[in-house]
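Working notes for the structure below.
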Number of protein chains: 2
Amino acid sequence: MTSTFIGNIEARLDEKGRMFIPAVYRKILATEESQRIVMRRDTENECLVIYPERVWNQRVEQLSEELDEWNPDDQMLLMQFVADAEYIEPDSQGRILLQKRNLQQIGATSDLLIVGMMNRFAIWDKQTFLNKRIDQREFAKTLRERMTKK
Amino acid sequence: MTSTFIGNIEARLDEKGRMFIPAVYRKILATEESQRIVMRRDTENECLVIYPERVWNQRVEQLSEELDEWNPDDQMLLMQFVADAEYIEPDSQGRILLQKRNLQQIGATSDLLIVGMMNRFAIWDKQTFLNKRIDQREFAKTLRERMTKK
DNA sequence: CTGATATTCCCCACATTTCCCCACAAAATA
DNA sequence: TATTTTGTGGGGAAATGTGGGGAATATCAG
């Protein structure tokens with residue numbers, strides 16, 4: 001059983017638009033069969049999601065199975081999902097270069113936050129994430145209510 | 001049948017922010033298949049919870065099953081649960097390094113208390129725990145009422 | 001086609017953090 | 001009292017995260 005991406009790690013965007021992938025995450029990526037990773041803006045939130053290739057493939061497959069191959073609307077959905085994704089490759093220091101349009105999509109300043117999501121992880125502008133966060137007490141309450149057996 | 005985490009043990013935080021895991025607990029951890037452990041602030045109280053990886057995985061799975069994969073609110077809950085956790089690794093002496101933000105979350109002074117919770121255990125600031133404790137008589141009464149068959 | 005400009009990416013340098021290791025104190029056990 | 005186990009405290013090497021120079025490559029206007 002291998003580790004998963006958990007936790008949140010502060011990261012800085014340098015002048016050249018580069019961001020390091022935390023060593024903890026790099027180690028997990030290194031255990032993957034394929035070293036390639038895929039980045040896509042999240043469908044729900046203002047953040048970028050990074051998938052190990054295997055996980056990306058699973059996700060696309062899941063969508064393909066669920067959506068109708070001969071329904072044009074469904075196919076448009078699938079196409080758009082794929083069209084906004086791209087392979088990215090870390091440099092020799094383990095940093096990735098973020099494009100201006102990607103940065104724009106998440107309203108990036110130079111303070112970013114890398115957030116684990118088990119089989120993948122997300123890049124947020126730090127402040128955006130903090131604003132989005134449910135406050136601790138509220139979080140506990142919602143979770144409690146949601147999980148308590150009726 | 002393996003032992004569980006019970007009891008409460010005083011622990012000190014050293015200059016570098018390290019805290020030893022009591023030998024009793026280390027022995028229990030050693031019986032786990034995976035040596036990895038996960039730490040997360042507790043959702044309900046001002047303390048840090050330490051899970052053997054197996055127990056952590058169970059918990060996440062439990063949440064995943066209960067929550068809806070395509071409901072954004074549910075996903076936010078799950079993400080926040082995962083985002084506040086981290087793998088921690090004891091050093092060769094069996095100590096763990098606590099980050100400043102973790103210490104802050106529990107209002108840690110240098111006197112801590114390690115409290116068993118069966119399949120996991122918690123780290124409290126000693127004074128915080130003592131304040132939180134239900135007094136003995138009250139405790140007996142509540143327990144009696146709660147357990148008495150109606 | 002050519003030169004100017006921007007982009008990408010390799011490399012080196014350095015500050016900071018983490019963690020390995022040793023030494024020893026304190027407590028438990030024999 | 002001897003001996004093992006457990007807990008405490010640093011020194012310093014190694015890993016990690018930053019930053020930037022500059023070569024190679026791509027982009028583009030004239």
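Just the heavy atoms: all of them, side chains too, but no hydrogens, waters or symmetry mates, feed the values below. Just so we're on the same page: letters track the sequence lines, and every chain starts at 1.
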- Query: Could you go step by step and tell me if B:Ile96 and B:Ile123 meet the side-chain contact (heavy atoms from CB on, under 4.5 Å) rule?
  - Reply: CA-CA 12 Å; B:Ile96 55 177; B:Ile123 303 171; 4.2 Å; yes
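- Ion pairing of A:Arg133 with B:Asp84 is present here, as a side-chain N (NZ or NE/NH1/NH2) and a carboxylate O approach within less than 4.0 Å.
- Electrostatic pairing of B:Arg40 and B:Glu86 does not count as a salt bridge here, judged by no charged N lying under 4.0 Å from a carboxylate O.
- Looking only at atom types and distance, the side chain of A:Asn57 has no donor-acceptor partner in the side chain of A:Glu53 under 3.5 Å away.
- At whole-Å resolution of the value, CG in A:Asp14 and C1' in C:dC14 are 15 Å apart.
- A salt bridge links A:Arg59 to B:Glu69: at least one charged side-chain nitrogen sits closer than 4.0 Å to a carboxylate oxygen.
- Rounded to 10°, the helix from C:dC1-D:dG30 to C:dA30-D:dT1 has 30° between the axis fitted to its first five pairs and the one fitted to its last five.
- Aromatic ring centres of B:Tyr87 and B:Trp56: separated by at least 6.0 Å.
- Among the protein residues, B:Glu89 comes within range of no part of the nucleic acid, since none of its heavy atoms lies under 4.0 Å from any strand.
- Protein atom CZ of A:Arg12 is 12 Å distant from nucleotide atom P of C:dT16, rounded to whole Å.
- Atom CD1 in B:Ile88 sits roughly 14 Å away from atom C1' in C:dC19 (whole-Å rounding).
- A donor and an acceptor atom never sit less than 3.5 Å apart when one is taken from the side chain of A:Gln93 and the other from the base of C:dC10.
- Contact footprint of chain B on DNA chain D: nucleotides with an atom under 4.0 Å from a non-hydrogen protein atom, first to last in 5' to 3' order, D:dT6 to D:dG12.
- For A:Ser110, the side-chain contact (heavy atoms from CB on, under 4.5 Å) partners at least two apart in sequence or on another chain are A:Leu13.
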Using a cut-off of under 3.5 Å, enumerate the N/O to N/O pairs linking the protein to nucleotides 27-29 of chain C.
none

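- Ranked by how close their nearest DNA chain D nucleotide is to the 5' end, B:Lys27 and A:Ile21 are led by B:Lys27.
- Near-neighbour residues of DNA chain C inside residues 94-124 of chain B, defined by a heavy atom below 4.0 Å, number-ordered: B:Arg95, B:Gln99.
- Side-chain contact of A:Gln75 with A:Asp68: a donor-acceptor pair under 3.5 Å is absent, judged by distance alone.
- Put simply, CD on A:Glu86 is 11 Å from P on C:dT8, counting in whole angstrom units.
- Spacing between atom CD of A:Glu15 and atom P of C:dT8 amounts to 16 Å, rounded to whole angstrom units.
- The shortest distance between side-chain heavy atoms of A:Leu112 and A:Trp124 does not fall below 4.5 Å.
- A salt bridge does not link B:Arg36 to B:Glu89: none of the charged nitrogens lies less than 4.0 Å from a carboxylate oxygen.
- Under the 4.5 Å side-chain criterion, counting only non-hydrogen atoms from C-beta, A:Arg54 is in contact with A:Glu32.
- When the side chains of ILVMFWY residues are joined at heavy-atom separations under 4.5 Å, either directly or via intervening members, B:Val55 and B:Phe5 end up in two distinct hydrophobic clusters.
- Applying the salt bridge (charged side-chain N to carboxylate O under 4.0 Å, His left out) test to residues at least two apart or on different chains, the pairs with a partner in residues 90-100 of chain A are A:Asp91-A:Arg95.
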